[in-house]
J.: 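Starting off with a structure, shown below.
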Amino acid sequence: MDRLLIKGGVPLEGTVNISGAKNAALPLLAAVLLTDEPVELANLPELADVQSMLRLVQRVGTSATHLAGEPGRVRLSTPELLSTEAPYDLVRKMRASVLVLGPLLARGGEARVSLPGGCAIGPRPIDLHLAALERMGAEIDLVEGYVQARAPGGLKGAQIEFQQPSVGATENTLMAASLARGTTRILGAAREPEIVDLARLLGAMGARIEGAGSSCITVEGVERLTGARHSILPDRIEAGTYAMAAAITGGRITIRGARLEMLGGAREKLVEAGMLLEECEDGFIAGVAEGGLAGVDVMTNPYPGFATDLQAQFMTLMCVARGASMISETIFENRFMHVPELMRMGARITVHGHSALVRGVEALKGAPVMATDLRASVSLVLAALAARGETEINRIYHLDRGYEHLEQKLAAVGARIERMP
Ligand SMILES: CC(=O)N[C@H]1[C@@H](OP(=O)(O)OP(=O)(O)OC[C@H]2O[C@@H](n3ccc(=O)[nH]c3=O)[C@H](O)[C@@H]2O)O[C@H](CO)[C@@H](O)[C@@H]1O
Ligand SMILES: C=C(OP(=O)(O)O)C(=O)O
């Protein structure tokens, strides 16, 4: 199994190009199932999760052609659905596979999709996805670990009120509602930029959607959707991660292709914690401001709040800040798995339920550590880049799910990083 060896202590300097967002790419790949015409996506990142989603849509009838020219351009065509089943062997690898449920049901009138099951960061139920589709007239049964959904007469528009915002449930509903009969109103919708990106592609395909990016979205169903072209938005979580890599190493990186506003509430917290963040022509510049890093309390929240997907990286930053920081995780039940590993590197952290109290130390020290999920893994990379000595990070396959060309991008800004078999 691959591992990373990182020799810490080098201030990172230079430019990092931000890739297309994983969390936008996955729903967009599911959305191509809604039309029999070709959809062309640009800026598709080379990630394990993208490969898994491509395999899944190919299994149900999509052909994918990589186009010459810029990398990450692909044409996806699904003239007819050859199957409406998403089998366990493909779904278990990636929870976002459940996003094919809405499109398969809306276009095919039925779907059989394996329940994704829990994952390292929490149980992650899909009750909100199912309740929304039921409101739209789907008949749903759970049989032998599969969701079996039928809508023989087609889906119909409905008023759907989410009691808590869910990114995936909002996306599944949006896709299903685009081909439903009549009007759907989604109240309590998630507001993440990736939902806006999905609504943009659906709009280009002929869907009639208003309000994406707000908590109330209206969709007028249409009879059919057409082909379209779309460029995937930049990955705000990747951008935030490299910005923190610059700060934790005392360096300065130009984050090219992302905009500061994409960081939402995290932007203000990073500045409060002593980071320098400045817009520039092709992105923004990140580093440490004059006073150095200082402890700041943070609570994760749905967008535009502080993203849970940046929590582990921020905790690592706080490990070497002046003073203390209380970090509260409100989205997922079990998202502190990086804590014991950071402590092996000399961090001082105490966990109390859903909060972690971090007391800053002078420096972290290299150690062998184990990666447990995507963002926990990258938080260990940040720790290793800042640490004295060498760190060996094991089980790094998690990183390949969400960070395109991580070693190459870090090496290009001066990191001493090597992947070992
Ligand atoms: C592929 C993708 O875009 N993944 C992102 C997406 O995951 P995902 O779409 O799975 O996250 P959700 O927004 O749905 O989850 C938010 C919370 O709602 C709960 N919930 C969700 C659905 C449901 O039916 N019932 C329920 O109880 C979840 O367990 C969690 O506690 O948003 C998360 C929250 O920003 C991010 O961390 C993930 O990176
Ligand atoms: C939790 C994440 O992703 P997913 O929802 O795909 O598991 C993430 O990107 O940090």
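As the structure lists them, so they are numbered: ligands from 1, and atoms in each ligand from 1. Computation of the quantities below employed the complete heavy-atom set of this structure, encompassing side-chain atoms and omitting hydrogens, waters and symmetry-equivalent molecules. Being a predicted model, the structure only gives us computed values, none of them experimental.
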J.: Would you check the N or O atoms of R95, main chain and side chain alike, for any that come under 3.5 Å of an N or O of ligand 2?
T.: no
J.: How far is atom 18 (O) of ligand 1 from its nearest protein heavy atom, and which residue and atom is that?
T.: Q164 NE2, 3.0 Å
J.: Does the pair T15 and I253 meet the rule for a side-chain contact (heavy atoms from CB on, under 4.5 Å), with working shown?
T.: CA-CA 5 Å; T15 298; I253 297 181; 5.9 Å; no
J.: Would you say that more than 12 heavy atoms from the other residues, nucleotides or ligands in this model lie under 6.0 Å from the CD of E272, or not?
T.: yes
J.: Mark up the atoms of ligand 2 that fall under 4.0 Å of a heavy atom belonging to D309, in ascending order.
T.: 8 (C), 9 (O), 10 (O)
J.: Which protein non-hydrogen atom lies closest to atom 1 (C) of ligand 2, naming both residue and atom, and how far is it?
T.: R335 NH2, 3.4 Å
J.: Does ligand 1 have an atom that lies less than 4.0 angstrom from a heavy atom of R124?
T.: yes
J.: With a 4.0 Å cut-off on heavy atoms, is H129 in contact with ligand 1?
T.: yes
J.: Quick test of your reading of the model: are E85 and R59 salt-bridged, counting only N-O distances below 4.0 Å?
T.: no
J.: Starting from atom 9 (O) of ligand 1, what is the nearest protein heavy atom, named by residue and atom, and what distance separates them?
T.: G168 N, 2.8 Å
J.: Looking only at heavy atoms, is any part of T308 under 4.0 Å from ligand 1, and if so is it the side chain, the backbone, or both, or is it neither?
T.: side chain
J.: Which of the numbered atoms in ligand 2 are below 4.0 angstrom from a heavy atom of I121?
T.: 1 (C)
J.: Check S166 against ligand 1 and report side chain, backbone, both or neither, counting heavy atoms closer than 4.0 Å.
T.: both
J.: Would you please test Y303 and R236 for side-chain hydrogen bond (donor to acceptor under 3.5 Å, both in side chains) and show each step?
T.: CA-CA 12 Å; Y303 195 84; R236 64 196 164 95; 5.9 Å; no
J.: Quick test: of every protein heavy atom, which one is nearest to atom 11 (O) of ligand 1, and how far off is it to 0.1 Å?
T.: F332 CZ, 4.1 Å
J.: Can we say R335 and D309 salt-bridge, meaning some charged N sits less than 4.0 Å from an Asp/Glu carboxylate O?
T.: yes
J.: Starting from atom 3 (O) of ligand 2, find the nearest protein heavy-atom neighbour and note its residue, name and distance.
T.: K22 NZ, 2.9 Å
J.: Measuring from the heavy atoms of P125, does anything fall under 4.0 Å of ligand 1?
T.: yes
J.: Which residue holds the protein heavy atom closest to atom 32 (O) of ligand 1, what is that atom called, and what is the gap in Å?
T.: V167 CG2, 3.5 Å
J.: For the pair E110 and R150, find out whether any cationic side-chain nitrogen is under 4.0 Å from an anionic carboxylate oxygen.
T.: no
J.: Quick one: look at T308 and ligand 2, take heavy-atom pairs under 4.0 Å, and tell me if it's side chain, backbone, both or neither.
T.: neither
J.: For atom 31 (O) of ligand 1, what is the closest protein heavy atom, and at what distance to 0.1 Å?
T.: I331 O, 2.6 Å
J.: Output yes when the distance from some N or O of ligand 1 to some N or O of A96 is under 3.5 Å, and no in every other case.
T.: no
J.: My understanding is that we take every heavy atom of each candidate and find the minimum distance to atom 37 (O) of ligand 1. Doing that for I126, D309, L130, which one comes out nearest?
T.: D309
J.: Answer yes or no: does atom CD of Q408 have more than 12 heavy-atom neighbours from other residues, nucleotides or ligands under 6.0 Å?
T.: yes
J.: Side chains of V381 and L4: closer than 4.5 Å at any heavy-atom pair?
T.: yes
J.: At what distance is the nearest protein heavy atom to atom 25 (N) of ligand 1, and which residue and atom is it?
T.: D127 OD1, 2.7 Å
J.: Would R208 and E220 pass as an ion pair if we require N to O under 4.0 Å?
T.: no
J.: Can a salt bridge be assigned to the pair R112 and D141 using a cut-off of 4.0 Å between side-chain N and carboxylate O?
T.: no
J.: Rounded to the nearest 0.5 Å, how far apart are CE of M275 and CE of M244?
T.: 7.0 Å
J.: Looking at R73, I'd like to know if its CZ atom is crowded, meaning that more than 12 non-hydrogen atoms belonging to other residues, nucleotides or ligands lie closer than 6.0 Å.
T.: yes
J.: Looking only at protein heavy atoms, which one is nearest to atom 24 (O) of ligand 1, and how far off is it?
T.: L128 N, 2.7 Å
J.: Which is it for R335 and ligand 1 at heavy atoms under 4.0 Å: side chain, backbone, both or neither?
T.: side chain
J.: Quick test: of every protein heavy atom, which one is nearest to atom 5 (C) of ligand 1, and how far off is it to 0.1 Å?
T.: N23 ND2, 3.5 Å
J.: Would you kindly say whether H230 and D197 are connected by a side-chain donor-acceptor distance under 3.5 Å?
T.: yes
J.: Have a look at ligand 2 and work out which part of R124, if any, has a heavy atom under 4.0 Å from it: side chain, backbone, both or neither.
T.: side chain
J.: Return yes if a side-chain donor-acceptor contact under 3.5 Å exists between T308 and T300, otherwise no.
T.: no
J.: Starting from atom 4 (P) of ligand 2, locate the nearest protein heavy atom and write down its residue, its atom name and how far away it is, to 0.1 Å.
T.: R401 NH2, 3.4 Å
